[in-house]
Enquirer: 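Starting off with a structure, shown below.
Every value quoted in this text rests on a predicted model; they were computed, and no experiment measured them. Indexing begins at 1, ligand by ligand and atom by atom, following the structure's order. Computed over heavy atoms, backbone and side chain alike; hydrogens, waters and symmetry mates excluded.
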Amino acid sequence: MTTSGGNSIGTPELSVIVPVYNEADNLEALIARLVPVLTRVAASHEIIFVDDGSSDASMDILRTLHQRDHRCRAVSFSRNFGKEIAIAAGLDHARGKAVVIVDADLQHPPEVIETFVARWREGYKNVYGTRIDRNADSALRRILTRRFYSIFETFGETGLPDGAGDFRLLDRQAVEALKSMGERARFSKGLYAWIGFKSIGVPFEVGERHAGTTKFSYGKLTRFALDGLMSFSTLPLKIWTYIGLVVSAFSLFMAIYYILQTIFHGIDVPGYASLIVSITFFAGVQMLSLGILGEYIGRIFAEVKRRPLYLVAERLEDEASVAPQNPARPIPHAPI
Ligand code: UDP
Ligand code: MG
């Protein structure tokens, strides 16, 4: 691969964002498959690797790739901030007229980008890959993912297209829309659906991970699912009003019942068991509702602190590029 010449300066047609977290063994293989596709489908391109605080040799390899071809750029975080934030940083740095997001482990076959670009040229601004199967994931993870999608479908503010993930092409207009969203708890899958624009799905078969293992533990996935639901639904907050109403109505009937019983049958002392059961039950319900309030308040706290979304330790750029110096997001316009 020769140095980029005219391609690296100005606006490339296509930018590819690759979040990288300890993927040293995958990067060369990814480039070998990605670059031929990009040269075929776009007039010019750039590849932006976002090193999400890797502790392996990923950054050294990225340095080599950058020296070999300046169209490979890299942004390296000061620590691990998570894939969602890595994607946000990629969007901040991408200059292309369209942006494609791919995983570094070759589970997103680069050849599918050809279809993405074809759809984009037909006028679609949000072209998302939909997984035909998730056989690469464990059975338990597949079941949990299914459940999450159906819960989100019922309670979420936006629907999630079935099987749609981060592997997608976004037109510049969609990219700007995503960049204008200042939230810290970023659930990209919801954000992509929320922005709208002319969208279309492209089915693809998930590949096997090229090297290494998944970076998402069940704990991390649970946190992620909670973030998603809480960012796109206020139902967990509101449901307590209805539960409260039902419980109060029930206790009113109980009161009437006991008053009548006292009037007609005199005072009846036994009832210790029912008393204890109802006290502990309602204490539990109150704790739970307080916990949910706490989850939302925690998120509000995280948002109002307005810390920068990420901190950059190093950038590998061509001289001509204008990288944003301050990654702090603009304050979105309040709707009132
Ligand atoms: N990733 C990241 N930061 C993280 C975890 C993952 O940038 O904290 C990247 C990872 O390097 C890969 C992509 O996100 O390029 C998807 O990760 P992985 O393959 O582990 O997830 P899975 O395919 O199991 O969903
Ligand atoms: Mg993967």
Side-chain angles (χ1 to χ4, degrees), residues 15-34 47-62 65 72-94 99-110 112-113 128-146 148-149 160 163-168 184-189 192 204-225 227-228 309-314 327:
S15 298
V16 178
I17 298 173
V18 190
V20 176
Y21 182 48
N22 295 338
E23 305 280 9
D25 296 334
N26 291 322
L27 296 174
E28 288 279 8
L30 175 72
I31 283 290
R33 264 177 75 185
L34 192 58
I47 305 172
I48 300 157
F49 293 94
V50 184
D51 169 39
D52 187 10
S54 299
S55 51
D56 68 352
S58 295
M59 204 48 200
D60 300 329
I61 295 174
L62 292 181
L65 292 177
C72 287
R73 303 162 59 202
V75 181
S76 159
F77 285 172
S78 59
R79 64 167 170 87
N80 179 245
F81 280 86
K83 182 185 178 187
E84 302 297 305
I85 294 184
I87 291 175
L91 293 175
D92 284 343
H93 288 77
V99 174
V100 174
I101 304 165
V102 292
D103 279 2
D105 56 3
L106 281 167
Q107 286 198 287
H108 298 160
V112 181
I113 295 175
Y128 51 89
T130 53
R131 287 170 287 249
I132 297 175
D133 57 59
R134 296 185 66 109
N135 290 341
D137 292 345
S138 70
L140 177 64
R141 182 165 165 186
R142 264 178 287 159
I143 295 169
L144 293 175
T145 310
R146 278 256 69 115
F148 172 74
Y149 272 73
L160 286 186
D166 291 317
F167 185 32
R168 60 179 64 228
R184 261 108 262 274
R186 293 189 81 78
F187 180 66
S188 323
K189 291 177 185 61
Y192 301 136
F204 76 97
E205 220 157 297
V206 185
E208 286 291 327
R209 204 170 215 289
H210 179 260
T213 52
T214 175
K215 307 293 182 293
F216 286 92
S217 60
Y218 284 106
K220 224 169 164 182
L221 284 172
T222 312
R223 204 65 234 151
F224 184 51
D227 261 348
L309 205 51
Y310 54 87
L311 294 172
V312 173
E314 191 182 345

Enquirer: Any heavy atom of E84 closer to ligand 1 than 4.0 angstrom?
Expert: no
Enquirer: Would you compute the distance between atom CD1 of I61 and atom CD1 of I31 and round it to the nearest 0.5 angstrom?
Expert: 11.0 Å
Enquirer: Any side-chain heavy-atom pair from I101 and H108 closer than 4.5 angstrom?
Expert: no
Enquirer: Which bit of K220 gets closer than 4.0 Å to ligand 1, counting heavy atoms only: side chain, backbone, both or neither?
Expert: side chain
Enquirer: Got D92 and Y310 here, is their nearest side-chain heavy-atom distance under 4.5 Å?
Expert: yes
Enquirer: Is there a side-chain contact between V20 and M59, using heavy atoms and a 4.5 Å cut-off?
Expert: no
Enquirer: Just by distance, do the side chain of R168 and the backbone of Y192 share a donor-acceptor pair under 3.5 Å?
Expert: no
Enquirer: Going by the atom numbers of ligand 1, which of them fall below 4.0 Å from some non-hydrogen atom of G82?
Expert: 3 (N), 8 (O)
Enquirer: If I apply the N/O under 3.5 Å rule, does A86 come out as touching ligand 1?
Expert: no
Enquirer: Does any N or O atom in T213 lie less than 3.5 angstrom from one in ligand 1, N or O only?
Expert: no
Enquirer: Using a 4.0 Å heavy-atom cut-off, say whether D103 meets ligand 1 through its side chain, its backbone, both or neither.
Expert: both
Enquirer: At distances under 2.8 Å, what protein N, O or S atoms surround the Mg ion (ligand 2)?
Expert: D105 OD2, Q107 OE1
Enquirer: Is the shortest side-chain heavy-atom distance between L221 and L144 below 4.5 Å?
Expert: no
Enquirer: Any idea which heavy atoms bring G82 and D52 closest together, and the distance?
Expert: N-OD2, 2.9 Å
Enquirer: Which atoms from ligand 1 have a heavy atom of D52 less than 4.0 Å away?
Expert: 2 (C), 3 (N), 4 (C), 7 (O), 8 (O)
Enquirer: Heavy-atom pairs closer than 4.0 Å: do any link ligand 1 to the side chain of V20, the backbone, both, or neither?
Expert: backbone
Enquirer: Considering the heavy atoms of D105, write down every atom of ligand 1 situated less than 4.0 Å from one of them.
Expert: 19 (O), 23 (O)
Enquirer: Under 3.5 Å, side chain of S58 to main-chain N/O of E23, donor-acceptor pair present?
Expert: yes
Enquirer: Around atom CZ of R33, are there more than 12 heavy atoms from other residues, nucleotides or ligands closer than 6.0 Å?
Expert: yes
Enquirer: Under the ring pair (Phe, Tyr, Trp, His ring centres under 6.0 Å) criterion, do F167 and F204 qualify, and how do the steps go?
Expert: CA-CA 10 Å; F167 185 32; F204 76 97; 5.0 Å; yes
Enquirer: May I ask you to identify, for K83, whether its side chain, its backbone, both or neither come under 4.0 Å of ligand 1 on a heavy-atom basis?
Expert: both
Enquirer: May I ask you to check if R79 and F77 form a cation-pi contact, with NZ or CZ under 6.0 angstrom from the six-membered ring centre and within 45° of the axis?
Expert: no
Enquirer: For atom 23 (O) of ligand 1, tell me which residue out of E23, Q107, H108, R141 has the closest non-hydrogen atom.
Expert: Q107
